[in-house]
Amino acid sequence: MDRYYITTSIPYINGEPHIGHTYELLTADVLARYARQQGKNVILSTGTDEHGGKIQEKAQELGKPIREYADEMSARWRELGSIVNMSNDRFIRTTDAGHEQRAGLIWKSLEKFIYKAKYSGWYCTGCEAFVTESTAKENGGVCPIHNRPYEKIEEDNYFFKLSGFSKAIEEAITSGTFRIVPDTRKNEILGIIKEGVEDVSISRPKEKISWGIPVPDDPDQVMYVWFEALMNYITVLGYPEHQDFKDFWPADVQVIGKDISRFHALIWPGMLMGLGVELPKALYVHGFINIDGKKISKSLGNVVHPREAVEKHGIDALRYYVLRHTPSYGDGDFTWEKFENAYNGELANELGNAVSRTEAMITKYQKGVIGNIPPSEHDSAQYRKYMSEFRFDRALEEIWEQIRGLNQYIDEQKPWVIAKSGDSEHLQQVLAYMCSDLLEVGELLQPFLPDTSARIKEIFSTGVIKPSQTNLFPKTQIKQP
RNA sequence: GGCAGGGUAGCUCAGCUGGUUAGAGCGCAGGACUCAUAAGCCUGAGGUCGGCGGUUCAAGCCCGCCCCCUGCUACCA
């Protein structure tokens, strides 16, 4: 059986989940469901990244044991997946014993590419990263993201010889064995490579940061959180010895946000090459969701939690909005007005109503009996092409074109006129065709709107209408005349 | 500063290797209908395709210069 392995990045648990974080979970979920629909054996993995100084600090601030804080936050992120009906098979925490133990093994395996050296530079605890001298000055010595001063740090670090892999990584990218989508992100990475890739620091002194995985055979150092977190993609499969790893790696696609493409397109491939392990086949880099044109941020007070949207119109409505109206290759925008418009216009009026009128006519004219449903006849090549390109927005547009086509068909055929004419054979053909069309829509919709898809199939697939108790997408706002 | 991608109807965007009257969705205006969630369908208005210049029989698409936006990256101080 074909196997399909897909991962999301694992969010760092220092922050609260919001609607922007659903995009990654949902795109990965769509790909996973699409693969399952094609009969593939799928593993969809997500999780949380929990080590590092920032977590340590945050827990201290709250006066909690770190572990307890991590448990609470991880649970909150796990909940996000269930809120949007994500069908993940795994949920890995970097504090899982298995991950920690395997991370040690991976470090050992990479040792011939690891060396110790003095590192000196400006460091932001918020970013968990060093910045260049120039960046530090440019920002006036204060990190603009976290609004805290950079610290001058001089310390012993282990380094990973990433520079040695740069050529091979470039080749993997240009040849297409390691596909980066969209092209703009690919070109960015190639640009970075062209300018020269340096070795990266992969450890921190334990005296500064204790909340991390110890470096094997050196009690004074812990692994740099990024280096260790990337390993989750294979530790979750039980690298190196477990059968899952042998069966499912390399990943078919890894879904990440545009802010972390550097780690996933350079460091991670370098690590894999060091291990002698294949690179993932594809990296899909998505953008961000803004709210009313502005970046989502606590300080702006514009944070929307996906739960609010789900409470309003249900899970599939949120999934629909996020997947259709966030450009797959760019940034999206959420406003309640846009959400309402998409819900009322596209889900309720176009899809919901098409289902409703079809069901009603068959019930009214044929006592619910559909009869023979002809096979679907639409060409789904374009849809499949979009899916292979991770163009979820376009794929949904394709489906809606078909839904519009159905509504037009109904108005052209005028089944209510045929019914009056008494040509029952013709009427049956027209109504059955409508069902066929809707069942096809339901099939295409399955990866995106699993509940809606199931309901459509339930109503029409048996040859006799199974009456729906409620409308698919009830309208909540009635326009005043 | 360098590299990359953009600037097309009120809004969000599509326009393949240059070729008849520049497209879609939303919004707006009008119309015909009634199966349906007062939904759906039809018609229409609306664009000097960022600016200037050039190549061509012909440019939104090619070339030059300029303005603006976004991303990555560098440097100065």
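Letters A, B, ... mirror the listed sequences (proteins, then strands); counts begin at 1.
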Considering just the side-chain nitrogens and oxygens of A:Asn349, establish if one lies under 4.0 Å of OP1 or OP2 belonging to B:G40. yes

When both distances are under 3.5 Å in a Watson-Crick or G-U wobble arrangement, the nucleotide paired with B:U21 is none

Within the 3.5 Å criterion, strictly below it, is a donor on A:Asp292 or A:Thr335 matched to an acceptor on the partner's side chain? no

In whole angstroms, the gap separating P of B:C13 from CG of A:Leu396 amounts to 17 Å

Which is true for A:Phe473 with a 4.0 Å heavy-atom rule: it touches a base, it touches only sugar-phosphate, or it touches nothing? base

- Message: Check this one for me: any side-chain N or O of A:Lys475 less than 4.0 Å away from OP1 or OP2 of B:A39?
- Response: yes

Under a 3.5 Å limit on both distances, the Watson-Crick or wobble mate of B:C28 is B:G44

Taking a pair to mean Watson-Crick or G-U wobble geometry with both distances below 3.5 Å, B:U34 pairs with none

Atom CG of A:Asn290 and atom P of B:U70 are separated, to the nearest Å, by 12 Å

Exercise for review: Check whether the ring centres of A:Tyr321 and A:Phe334 lie less than 6.0 Å apart, and answer yes or no.
Suggested key: yes

* Would you mind classifying the nucleic acid contact of A:Leu472 as base, sugar-phosphate or nothing, using non-hydrogen atoms under 4.0 angstrom? => base

Quiz item: Within less than 4.0 Å of OP1 or OP2 of B:U73, is there a side-chain N or O belonging to A:Arg262?
Solution: yes

Under 4.0 Å, heavy atoms only, any strand: does A:Arg324 hit a base, just the sugar-phosphate, or nothing? nothing

Rounded to whole Å, the CZ-C1' distance (A:Arg394 to B:A24) equals 11 Å

Could you check whether A:Asn471 gets within reach of a base, just the sugar-phosphate, or nothing at all, counting any heavy atom under 4.0 Å?
base

Using a heavy-atom cut-off of under 4.0 Å over every strand shown, decide if A:Lys364 touches base, sugar-phosphate, or nothing. sugar-phosphate

Tell me if the centroids of the rings in A:Tyr343 and A:Trp336 come within less than 6.0 Å of each other. no

Next item on the list: May I ask you to evaluate whether A:Gln408 reaches the phosphate of B:G40, defined as a side-chain N or O under 4.0 Å from OP1 or OP2?
Entry: no

Report yes or no: is the cationic atom of A:Arg319 (NZ for Lys, CZ for Arg) closer than 6.0 Å to the six-membered ring centre of A:Phe448, at no more than 45° off its axis?
no

Partner of B:C3 under the Watson-Crick or G-U wobble criteria, both distances under 3.5 Å, comes out as B:G71

So what does A:Gly352 hit on the nucleic acid, given a heavy-atom distance under 4.0 Å: a base, only sugar-phosphate, or nothing? base

When we call it a touch if two heavy atoms are under 4.0 Å apart, what does A:Ala360 touch: a base, just sugar-phosphate, or nothing?
sugar-phosphate

Q.
So that I know where these two stand, are A:Tyr284 and A:Phe392 an aromatic pair - ring centroids less than 6.0 Å apart?
A. yes

Please evaluate the base of B:G40 for a donor-acceptor partner in the side chain of A:Asp411 within a cut-off of under 3.5 Å?
-> yes

Classify the side chain of A:Asn353 and the base of B:A36 as holding, or not holding, a donor-acceptor pair under 3.5 Å. yes

Mate of B:A58 across any strand shown (Watson-Crick or G-U wobble, both atom pairs under 3.5 Å) is none

